[in-house]
Amino acid sequence: MTKYQPKEFEESIKQLWEKEKVYLTIDLPAGRQGHRPSAIDSKKMYCLSMFPYPSGAGLHVGHVRIYTGTDVLARYFRMKGYEVLHPMGWDAFGLPAENAAIKAKKNPMDMVPNNIANFKRQMNMLGLSYDWSREFATTDPSYYRFTQWLFIQFFKMGLLYKKNTPINFCPSCKTGLSEEEVLPNGTHERCGKMITKKDLPQWIFRITTYAQRLLSDLKGLDWPEGILTMQRNWIGKKEGINITYKVVPPDPVSSSLPTSARALRAVGNPGTAATRSTGVEITCFTTAPVNFGMTFIVVAPEHPLVKKIMDGRIKVSEAERKNVIEYYEKSIKKSDMDRQAEGREKTGIFTGLYATNQVAGWDVPVWVSDFVVGHVGTGAVQGCPGHDYKDFEFAKKFNLPIIRVVEGKNGDRSQIERMDQIVVKGMKGKMMNSKFLDGLDFAEGLEKTMDYIEKNNWGKRVASYHLRDWIFSRQRYWGEPIPMVYCESCAKKEVSWWTTDEGKAFQKEYQNISKADQTIQKEMGGWFPLVEQDLPLKLPYVKSYEPTDTGESPLSAIDSFKNTICPNCGGLAVAETDTMPNWAGSCWYFLAFPFWNKEKANSKLEIQNLKSIENFKVQISNSSWPPVDWYLGGAEHAVLHLLYARFWVKALQDLGLLSFSEPFLRLRNVGMVLAEDHRKMSKSYGNVINPDDVVAEYGADALRIYEMFMAPFNMEISWSTKALQGGYRFLNRIWQLFHTPDKIKGDTEDKQVKKLVVSLHRTIKKVEGDVAQTKYNTAIAAMMEFLNEWEKGTVGLSYSEAKKFLQILSPFAPFIAEHLWRDIYKEKTSICISSWPAVDEKQLVASEIQLPVQVAGKVRGVLTISASAPKEEAEKLALLDEKIKKHIGENKYRSIYVPGKILNFVLSG
RNA sequence: GCCCGGGUGGUGAAAUGGCAUACACGCAGGACUUAAAAUCCUGUGACUUUAAGUCGUGAGGGUCCGACUCCCUCCCCGGGCACCA
């Protein structure tokens, strides 16, 4: 008897697949001949794993899990007759690569190809069925030229602007840092010193203009419910109202009073906006306009009103101006850590100004406090301390009046003194102290207030989103250069791209979708995209690319890169030196695989082809492969990557390049693979498992089977070498069976054989159903169960039925399946492209089933009975059972009968 | 504090309203072997000496003929966000 020794055949099987090009995909819809021309009319299935960053460490066993999971799908659908696209590429730009290269004192450009070669070797070793002819890395100039081209289109649409934005900066290392390099306690992960913020001009994506569509389109996606919820919460839509309040000057009567007394003084006094005014307004966003209980306004330190007070455009007393300046300086310097240390303890300062609450008809004092956040809502809140916890804390701290306008539990109308008395939006209660609203339900009262405010033109209902615009600049070397040029002389002449002929034509063509309003056009004056035919704007190969001590991009130190000419006027101009973030390449890679041709894309001819951009547009918009049918990846990308990619697809749809609005129809998460000690695998713990070692000892199939079998696909697992050996044993037993002639030569007329065949077909059906739900663990368990039955029985399967078992095994363990397929069955074409065995449904209809019988809810017996037997028959049969009879005893009973499921005798006395 | 996961044998887990613990690991005993490894066979939730049975899916309550599964209250573990108006 030969032994199962995967080492002896896995390598040659791998070469066979390569030689026979079994994974090549045809191009849709152009219909170039693939290996199965007849499949051109069949349904398509685009199966994609989130592509990896090719690190120097090689594949992690976690990678093996996700890529095998997608591979099982791809292999299954191929055999089911679908035309399958299953590509792989490399997300090679970004911080990890750059930092690794800095450490190794190499240029990432030199390191990345080696890492890719190693990843690719390991993937082939695992038998992953990729169509490598479509491979690319986001760092290939032939790829990132299009990333840059897309950037330019988004710029033209008015989706990008430049603005001073704080970046993380380490004063000790003199370097700009990304979010992930800053530890939660506000220190730099490498040197341990506190980081600070530094203002630098940054490219910003106006993702917020798509907030509503990003929210609405979630409906109808076949994604895990938890991920959908997280996306919804991230976008965070809130319906409310913006109310505009007129700011009135300090009250001359009370100007001699101390600040605290003056802050209180106005409340309850008649509103004075009609007679006095500073000409300034404050707009507050609120979801609960409880205006009859509103006793103050608080603005964020970043609010424009604060600037106006500080520079004297609004007159307040000198003492109050000083207070405001002091408070501003202090709060602007506060790091997140300081603010956390303060906890919920409120700070703030009275500005000396008032505003008129027109609804209630009184003035309220205006305060500044950093519990109000500049970028949330309008950066100003109306204080209603009886009906908001934070407002309550603030009012308590500064002794501001608290007015109850909604009854509490059991009609409580008492003065609000404690937190637990507060009635907030969503609670029940009747309105009080609210004039025309008195007696209404709280929710109704809010609606009425909003109607009233809108009718008087004091405010407007709006939706506010938690989602913020997306900072797209990185002051780093290892990213796509941003293909933009700034021309100071054009800027001075107030020339923007949209005032050029090209820009005007674009505006006209895309007037319905363009977001390039007057503000954007003005702000972006002097900025011009590179001439599209000149792309790619190549990242220069340089010796030194470490982050600079000014926080600026390393490219800014390279004169030959920085100094350029203006695409508009031809004069001297400055090239943008920031690069794009890691997300850029991954935002559209799934759109590139469908038409990518590795050889062609990288040929000199193609790169010099002036029409290549036009070709690109045609290819990206004509392919019928996208959207992605199955997208598999880790839950850590639940928000950012998925949201960004969805955003780009919507923008491209608006540009007319795509005909669909969502990139990923089905999403499934893969759980992490932890080490045997339940910790993350890490060199420092010495608990890393290398797939190379595992394959060398047990073969690729055993590794695949183990990772698919150990737990549901989306659950976290800890590595277990013992359990891996179980997978190996399973394959070994299959090997032995196929080398035991009696087990694959059953007589098809034999009753025992027929029974075994029924079990096989049941298994085929189970595997089909489970694979389509990514329930790989139970699919494998079903095959194991069948194997046990087959092994233990005295008869075998017929030669042709046994073959079907190999076929259903092949998506999970392709090497052994292919080997036996060719060795035992002498097949000449690959099992990968054979047709999935048809289930003989007729055989599966069982004439008799095992029916559990309960007495008073407890199982007391099992009947062998026809699945469709009538109740009378089942009952009669059950009562023949001594044990059942005994448990019923002398009791009266009635019975519940669900045919095929259960018979339950319910006792009644 | 809020949001998202999760809690079932010694272990990974199965069952999504109908026989709780499939499948696998581990363990124990046995076979084969000079021996070990490998392989095969048998057993394996707890309690009850045996039998017959009782209990049992984080805790408590509810709905139902029937609940791991649905509803309510709470506890614990993991992840994320956090003064979000």
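Protein chains get the first letters and strands the later ones, always in sequence-line order, with residue 1 at the start of each.
Checked against a 6.0 Å centroid threshold, the rings of A:Trp367 and A:Phe296 do not count as neighbours.
Between the side chain of A:Trp790 and the backbone N or O of A:Lys743 there is at least one donor-acceptor pair closer than 3.5 Å.
Closest approach to the A:Lys390 side chain among B:C83, B:A22, B:G53 is made by B:C83 (side chain taken as heavy atoms from C-beta onward).
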A:Phe709 vs A:Tyr776, test: ring-ring contact (aromatic ring centres under 6.0 Å, His included). Steps then yes/no.
CA-CA 6 Å; A:Phe709 174 64; A:Tyr776 306 130; over 10 Å; no
Residue pair A:Leu844, A:Val758: steps toward the side chain to side chain contact (heavy atoms under 4.5 Å, CB included) verdict:
CA-CA 6 Å; A:Leu844 298 191; A:Val758 169; 4.3 Å; yes
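Judged as a side chain to side chain donor-acceptor pair (under 3.5 Å), and not counting sequence neighbours, A:Trp458 has no contacts. Not a single salt bridge (charged side-chain N to carboxylate O under 4.0 Å, His left out) links A:Arg894 to another residue, sequence neighbours left out.
For B:A24, the paired base is B:U11 (Watson-Crick or G-U wobble, both distances below 3.5 Å). Nucleotide B:A59 has B:U73 as its partner under the Watson-Crick or G-U criteria, with both atom distances under 3.5 Å. Across all strands shown, B:G66 has no partner, as no Watson-Crick or G-U wobble contact with both distances under 3.5 Å is found.
Using P as the reference atom, B:C41 and B:A46 are 23 Å apart when rounded to the nearest Å. Between B:G9 and B:C68, the two P atoms lie 14 Å apart (nearest whole Å).
Across residues 284-292 of chain A, A:Phe285, A:Thr286, A:Thr287 each have a non-hydrogen atom less than 4.0 Å from an atom of RNA chain B (numbered order).
Contact check, A:His887 against B:G53: a side-chain N or O comes under 4.0 Å of OP1 or OP2.
Classification of B:G5 as anti follows from a glycosidic angle more than 90° from 0.
Residue order along RNA chain B, read from the 5' end via each residue's closest nucleotide, puts A:Met230 first among A:Asn904 and A:Met230.
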